[in-house]
Amino acid sequence: MSTSPYIRPGAEHLLEDLNSAQRAAVTHDARALLVVAGAGTGKTRALTRRVAWLITQGLPPHAVLAITFTNKAADELKRRLVTLPGGGGVWAGTFHGFGSFLLRRHGDAVGIDPRFTILDRDDQLSVLKAIYKDLDIEKGVLRPVDALAMISHRKNGGGGRPPIDLTMPGVAFIFDQLHDAYVERLRGADLLDFDDLLLDSVRLLEECDDVAALYRERFAHVLVDEYQDTNLVQRDLLRHLVGPHQRITVVGDPDQSIYRWRGAVVRNILDFGEDFEGAEQVLLERNYRSTGHILGAAEAVIERNRERHAKRLYTEREDGQRVLLTRCRDAEDEGRAVAAQVETWVRQGRRHDQIAVFYRINALSRGIELALNDRRIPYVIVAGTEFFQRREVKDVLSYARLIANPRDEAAFTRIVNVPRRGVGATSIQRLRDFALARELALTDAAPRAEEAGVSKRARGGLQRLLELFAKVRAMPRAPVAPILEALLEGSGYRATLEDSADDLDRSRLENVDELVAYAREFDAKEASGDLQSFLERAALVSDQDGYVGESGRVSLMSVHAAKGLEFPCVLIAGAEMGYFPHARSLGEDAGEEEERRLFYVAMTRAQDELAVSHAVRRQTYMGEEHRAPSPYILDIPEDRLERRDLATWSGASSLFDQPSATGYAPPPDDDVSVVRETGLGLEVGERVLHPYFGPGRLEEVGGGGADARVTVDFDVHGRKQLLLRHARLERLS
DNA sequence: GGAAAGACATTTTTT
DNA sequence: ATGTCTTTCC
């Protein structure tokens, strides 16, 4: 391992409080460096320090490109660098932000109007739905959401499972039509979706040598955080950006790759050495975050994955409390158990904001919220419906988008009749048909509404809307807040909310005001910020960017939202088959491995205390289901667990008042004729016993070796597919 | 064209 | 159980 030969004066303090592996990561002079940083090993710290280090070694800050997963991470990085001389010049942002940056400047070289608008998922769906109507396509054969998923899948360069089955009769034909129309529609209206931001950036660098040369010249060192969650297009972007004389550093942890469904490929980080010549790596394995029991339990879970990078985390912390595993009768019980546990921790001196509850799917928050409300425990939901996704906020932004880009069809459709101005579905469709036939943008068709056969009433509404746009377009593009105000007043949007008797509209009005306040703040802070950069900011902020610690409340969030965070006390709810792993991932190895990583990510957020709960029965929209505990729990060594059972019949609810209830018998150990690793000794038709599902009949054995999977028809729980490796089946003779 | 009532499907995670 | 889409009626 080679490190820099000498240290410039003044840089030593950057290394003082680092361990030797971290130092190596910070000072390494490899052309391409992969830092594999396990959970809680000081990854962000190493990355920030490395940037600082490079700068103190003489690299000009503006020659540094730092790509992070969220805007929050980028802001954090910038904040820390500001203290360095010239540190403010670093370009830090997300992949999508960088793509947007490139295309705004050079998009015209590849036929993209630099005034393009960024479409989020909602907008994409509305464009697609309009296409269904225009092309007279039934939604029955292929749902818009699935078509969209497939479009995105294709844009991301395939990889993994296609979201829809194109071999189904008629599907491929319809999909092709939708796909082509979608692409064409976006291009025609200067709209880019998230995927386009990356894809077109790659195209730009590929096709325009001078642009590529310009940025290869400018960025001498590229750093990427959370590399395990990059997709193929992002990797290509980096490869085009990083020429032979540049350096690249990527940081990540393959065990925390949890965005496969969005196109991320773990192989990116595993294959880093092949993608970037002369790559070297540094392993960060010392965990500073968790107690021995928590880390040991998490490691035991993740070890079972096959596709991983060899590493073994260790901690020098005490073992601490065992992982508390609570078996609950149903969701209601689980909610109460969670609330009781929060109270216990608070009694022991924890603050509410030191506690977090994680779940696999957002829908699970409901039951927990109810229970916390019952006990008057303050909480905050992280993510959920995010501010910029709210209907009213999107409405106002759509107005603003039409000022910036008059051809923004998605925005036009959204607000043309909000508030009501007599332009209903029929009028919109007439207008659209008219525009389509003449290859016009919707807004260009609007003045010719009469030709399009739009009714007189609707024409009046359109007229008023167009006048508003003309008026506001005459305003300067900065500051932003007055533009929003003018739109709110001129459209009657605010007045409609103010006059409404609906409670919901009340809070909508507040959100609208909050948006204006946000714009004011933007105006004050961003000296060069105009409407376009404001809209860009609004389009590219993520849920995770909104998280604030120190709220004095318990945090509730999905495991995905928890990525990158840490809490002294963590509860994981719903640790059951169906959630961990999620039902939809079953039957696909890569998917199941990701589910395990997800559980691992959840566990490793915890610093001091970790509690896991599962319910044996759960109410779904189809009725009541029996739930087996998550197989991942079975992988936690018994001596790191403390079990509690609230599902036995005798006085379960009284147990809430005595948290130290006695445990139930652990599942039988693998002694008697337990079959693992291979299917040897088990035959189809045989009766078998599963520790949680109970007795059943073996119906099918598929695959071989460690990947063998079996189908068992359980007497009580019905037919299940299991990975033999994890199933712990016993023969019942 | 619009509001209200009813049908309907819907649940993974989101830059 | 909820929110979204469709139908129905004014």
### Side-chain N or O of A:Asn362 closer than 4.0 Å to phosphate OP1/OP2 of B:dT14
yes

### Summary
The side chain to side chain contact (heavy atoms under 4.5 Å, CB included) partners of A:Ser491 (sequence neighbours excluded) come to A:Tyr399, A:Arg421, A:Leu468, A:Tyr493

### Summary
Those residues at least two apart in sequence (or on a different chain) that pass side chain to side chain contact (heavy atoms under 4.5 Å, CB included) with A:Gln463 are A:Glu467

### Query
NA contact type, A:Arg420, heavy-atom cut-off 4.0 Å: base, sugar-phosphate, or nothing?
sugar-phosphate

### Message
Counting the atoms with a prime plus P, OP1 and OP2 as sugar-phosphate, which does A:Arg597 contact under 4.0 Å by heavy atoms, base, sugar-phosphate, or nothing?
### Response
nothing

### Task
Could you check whether A:Asp122 gets within reach of a base, just the sugar-phosphate, or nothing at all, counting any heavy atom under 4.0 Å?
nothing

### Between B:dT14 (P) and A:Ile118 (CD1): distance, integer Å
20 Å

### Query
What do you reckon, is CZ of A:Arg448 surrounded by more than 12 foreign heavy atoms closer than 6.0 Å?
yes

### Cation-pi check, A:Lys563 onto A:Phe69 ring (under 6.0 Å, within 45° of axis)
yes

### Query
Is there a side-chain polar atom (N or O) of A:Asn417 under 4.0 Å from OP1 or OP2 of B:dG2?
yes

### Message
Tell me the interatomic distance from A:Ile361, atom CD1, to C:dT2, atom P, rounded to whole angstroms.
### Response
15 Å

### Task
Remember a base hit wins even if backbone is also touched, and classify A:Ser427 as base, sugar-phosphate or nothing at under 4.0 Å, heavy atoms.
sugar-phosphate

### Task
Answer yes or no: is there an ion pair linking A:Asp330 with A:Arg618, defined by an N-O contact shorter than 4.0 Å?
no

## Note on the structure
Rounded to whole Å, CD of A:Glu625 lies from P of B:dT10 at a distance of 16 Å

### A:Ser558, nearest nucleotide to its side chain (from B:dT13, B:dG1, B:dT15)
B:dT13

### Task
Grab the CG-P distance between A:Leu370 and C:dA1 for me, whole Å please.
11 Å

### Query
Hey, is the side chain of A:Lys129 poking within less than 4.0 Å of OP1 or OP2 on C:dC5, counting only N and O atoms?
yes

### Task
Would you mind checking if A:Asp200 and A:Arg203 are paired as a salt bridge, meaning a charged N to carboxylate O distance below 4.0 Å?
yes

### Task
Kindly say if A:Thr94 contacts the phosphate of B:dT15, meaning a side-chain N or O under 4.0 Å from OP1 or OP2.
no

## Note on the structure
Of A:Thr426 and A:Tyr579, the one whose closest nucleotide on DNA chain B sits nearer the 5' end is A:Thr426

### Closest-nucleotide 5' rank along DNA chain B - winner of A:Arg421 and A:Glu594
A:Arg421

## Note on the structure
Rounded to whole Å, CZ of A:Phe194 lies from P of B:dT13 at a distance of 16 Å

### Task
Round to a whole Å and report the spacing from NE2 of A:His582 to P of B:dT11.
10 Å

### Task
Grab the CG-C1' distance between A:Leu198 and B:dT14 for me, whole Å please.
14 Å

### Message
It should be established whether A:Arg143 places a side-chain nitrogen or oxygen under 4.0 Å from OP1 or OP2 of nucleotide B:dT10.
### Response
yes

### Task
Output yes if the stacking criterion (under 5.5 Å between centres, under 30° between planes) is met for A:Phe69 over the base of B:dT15, else no.
no

### Message
Expressed as a whole number of angstroms, how long is the span from A:Met577:CE to B:dT11:C1'?
### Response
17 Å

